[in-house]
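Here the structure is laid out as structure tokens; the discussion comes afterwards.
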Amino acid sequence: MATECLNLRPTSGEIQRLLTSLRDRTIRESHPYKELITSHAKLIESNDTLRRKQRELELDISDLQLNLRNVTAESPAKGKGDSRKEANLHQRLMGVKEELNQAISKEKESLNKLVQSREEIDRLKMEQESKDQQLNRLRSTSQDLQDKLRLREIEREEVSRINQTMNDEYQALQMTCCSLEDKLRQLQKDNQELITRWMDVKSRDADRINTMNETENKMRSLAQENELLKSTLDRSQALPKSNGSNEFRPQNLLENIKIRAFSISQKSATPVNSRDLEMPLCMSAFVPSKPSYKWDAHDGCVTAIQFSPTGHLMATGGDDKYVKLWDVAEGRAQVRSTLRGANAGILCIDFDSQEKHLIASSADFACRYWSTTDLRLKLSLTGHTNKAMAVRFMPEYKVISGSHDRTLKLWDLRSKACIRTIFVGSSCNDLVTGESSGNSIISGHTDKKIRFWDPRSDMGSNEMLLQGKVTSLSLSPDGSQLLSCSKDDALRLIDLKMHQVVGTLTADGFRIGMEYSRACFSPDGRFVAAGSVDGSVFIWNVAKAKLETSIREHTKEVTAALWHPSGRYFLTAERSKRCFLWSDQ
């Protein structure tokens, strides 16, 4: 403990530095008041001198007054010498009083100066205290700033260290990036080679599918000729035999029929005649009451149906990945051919205006383009990243498609490429377009909105908000109205000039189940039809905005309903493999 106490004693050098610091502080703090202190000391000294002089004068006055009283008390009979003495004393007394008054006056002035000097000292002390407080605040602020400066210095050093680390990491990343760029170039090269090989494989697959289609058509033609041959042979056995040169020979007949079968198979690839493109005139669409023909159209759910513009062809698509073409006559449907190439279920079908081509969208994110004359797959349009829900032909060899990847894509069939992508912000379930709608694009979406698009601009010109997810759209024959079907179990008639809902069609028991349930206008624009979850088909009168009739023949949910362009037939599909054809015959 003694050693520790000794260690706490200041050294002589520290004492000397402390004394020097105190002396300097005394000089520094007393310098502003040096003259004032000197003046104050002089005033105090003068005041003391005047007080001493005053006391002396007061003593002299007392002595003179005493002598004067003594002289006055003596006999008045003294001589003139005493009178002069008395006068001198009196004069002397007056002089001392005057000096005393002057001394008192000087003392008062000295006291006033002393008071003023004290007030000045007090004021200076207060200023000194204020300055000391300000100095202390400034010192505190200075200390805070120094602390902050030290912190900033530490932060700067930390930032410098981090910056150095980041520079090292950047250099490492730059080296990695260079390496990755080399790998990317190699991968792009490999990818290009894979794309080339993939295109070759797709081309071979298309050729194989087309060969299968041709073989199937030839086999169907040969089967028909075989039936013809059997019926001819049966008839030939009932004919009498002849010995002449015209003797009937089944072998020759078989050869002739084979030649005819080959010629028919060749004619099946001939283009559509111009007379076949005459558009049917619908004076009055019939209201179905009972189906005339029921058949299994696909091996799975029938998801899409469509008539060609003239009504000579009917197309259906299903979950079995096939598009089938049908001939409709006398209230029945006869399969003409099967179009292959899709890798997932078909969701939408459309014919071009000349009926030479057909396009279909599917759940494998692609759209496929076939020829209806030679039944060959011409093109696969790939680029969507989700199900392609709708596809429509446009003028000038263009096609528009809508997908659940929230985009619309415009395709050029001549360049076989996507020329424009429109980001719509919501999954598209259906779209319509055409000259009747001013070559504009109208799309229905799962966010309950219908959007109107100008093909020349990415921005939608208008949009409408409905009460449910839009499942389908259909244009009236004159193009003045739009029919929407939505998941709130209602159909709505929209005036395309005013962009307003002019009618809402509902019915008891009418419910929409699937996101691609399709409703339609009749070809004369008098009726609209849609299927329900319970297998019923509901038909409304447009002018009256009332339910015309409801028919329940299906056992499964009805996915689509469509009138023939002539208005003589009505086609429905259900959520199984069956289709119903309704006829006025």
Side-chain angles (χ1 to χ4, degrees), residues 303-304 344-350 359-369 380-396 398-413 417-475 479 481-488 490-501 512 514-519:
T303 53
I346 304 298
L347 295 172
C348 183
I349 300 172
D350 195 29
I359 193 165
S361 63
S362 64
D364 62 355
F365 312 164
C367 300
R368 287 171 178 82
Y369 178 67
S380 293
L381 305 177
T382 57
H384 284 293
T385 58
N386 208 325
K387 293 186 293 184
M389 297 296 296
V391 63
R392 304 293 176 193
F393 280 102
M394 293 188 69
E396 300 179 355
K398 291 183 175 61
V399 169
I400 186 72
S401 62
S403 169
H404 272 190
D405 64 0
R406 301 182 180 183
T407 65
L408 304 181
K409 287 186 178 291
L410 185 63
W411 310 84
D412 190 335
L413 297 176
C418 176
I419 59 175
R420 203 139 149 243
T421 298
I422 303 174
F423 295 94
V424 295
S426 177
S427 298
C428 175
N429 276 338
D430 198 10
L431 56 85
V432 293
T433 184
E435 295 181 358
S436 59
S437 61
N439 283 337
S440 63
I441 303 167
I442 307 174
S443 56
H445 300 268
T446 58
D447 64 352
K448 307 179 183 180
K449 289 183 179 180
I450 296 176
R451 292 176 171 85
F452 301 82
W453 305 91
D454 185 348
R456 298 166 297 180
S457 172
D458 287 338
M459 300 300 294
S461 59
N462 203 346
E463 65 179 28
M464 295 182 61
L465 179 63
L466 303 183
Q467 302 301 315
K469 296 180 181 179
V470 180
T471 65
S472 73
L473 299 174
S474 177
L475 282 173
Q481 288 186 325
L482 177 71
L483 174 68
S484 71
C485 178
S486 54
K487 292 277 284 183
D488 62 341
L491 305 184
R492 288 177 175 82
L493 297 171
I494 299 170
D495 190 303
L496 292 179
K497 291 184 179 179
M498 297 184 296
H499 288 177
Q500 292 181 354
V501 176
I512 298 297
M514 303 182 70
E515 289 190 351
Y516 52 85
S517 295
R518 308 299 189 189

Sub-3.5 Å donor-acceptor pair from the side chain of Arg518 to the main-chain atoms of Thr471, do we have one?
yes
Among Ile441, Leu483, Leu473, which residue satisfies the side chain to side chain contact (heavy atoms under 4.5 Å, CB included) criterion with Val432?
Leu473
Who are the salt bridge (Lys or Arg N to Asp or Glu O under 4.0 Å) partners of Lys398, not counting sequence neighbours?
Glu396
Would you please name every residue forming a side-chain contact (heavy atoms from CB on, under 4.5 Å) with Asp495, sequence neighbours left out?
Lys497, Met498, Val502
Under the rule for side-chain contact (heavy atoms from CB on, under 4.5 Å), what residues qualify as partners of Asp488, not counting sequence neighbours?
Gln467, Ser486, Ala490, Arg492
Spacing of OG belonging to Ser426 relative to CG belonging to Asp447, to within rounding of 0.5 Å
3.5 Å
Tell me every residue that passes salt bridge (Lys or Arg N to Asp or Glu O under 4.0 Å) with Asp364, counting only those two or more places apart in sequence or in another chain.
Arg368
Distance from Ser401 atom OG to Leu431 atom CG, nearest 0.5 Å?
7.5 Å
Test of understanding: with side-chain contact (heavy atoms from CB on, under 4.5 Å), list the residues that count as partners of Val399, not counting sequence neighbours.
Ile359, Val391, Phe393, Trp411, Leu413
Give, for atom CD1 of Ile400 and atom NZ of Lys409, the distance between the pair rounded to the nearest 0.5 Å.
10.0 Å
Output for pair (Gln481 CD, Leu496 CG), nearest 0.5 Å, gives 8.0 Å
Candidate pair Cys348 and Arg392, rule side chain to side chain contact (heavy atoms under 4.5 Å, CB included), full reasoning:
CA-CA 9 Å; Cys348 183; Arg392 304 293 176 193; 3.8 Å; yes
Could you work out, with salt bridge (Lys or Arg N to Asp or Glu O under 4.0 Å) as the rule, every residue matching Lys487, not counting sequence neighbours?
none
Just jot down the side chain to side chain donor-acceptor pair (under 3.5 Å) partners of Lys469, sequence neighbours excluded, or say none.
none
Using 0.5 Å steps for rounding, measure from the CE atom of Met464 to the CG atom of Leu482.
8.5 Å
Taking only residues two or more places apart in sequence, or in another chain, which ones meet Tyr516 in a side chain to side chain donor-acceptor pair (under 3.5 Å)?
none
Please determine which of His499, Lys449, His445 meets the side chain to side chain donor-acceptor pair (under 3.5 Å) test together with Glu463.
Lys449
Quick one: does Asn429's side chain have a donor or acceptor within less than 3.5 Å of a partner on Val470's backbone?
yes
Run the side chain to side chain donor-acceptor pair (under 3.5 Å) test against Ser517 and tell me which residues pass, sequence neighbours left out.
none
Thr407 side, atom OG1; Ile422 side, atom CD1 - distance, nearest 0.5 Å
9.5 Å
Who passes side-chain contact (heavy atoms from CB on, under 4.5 Å) against Arg406, sequence neighbours left out?
Ser427
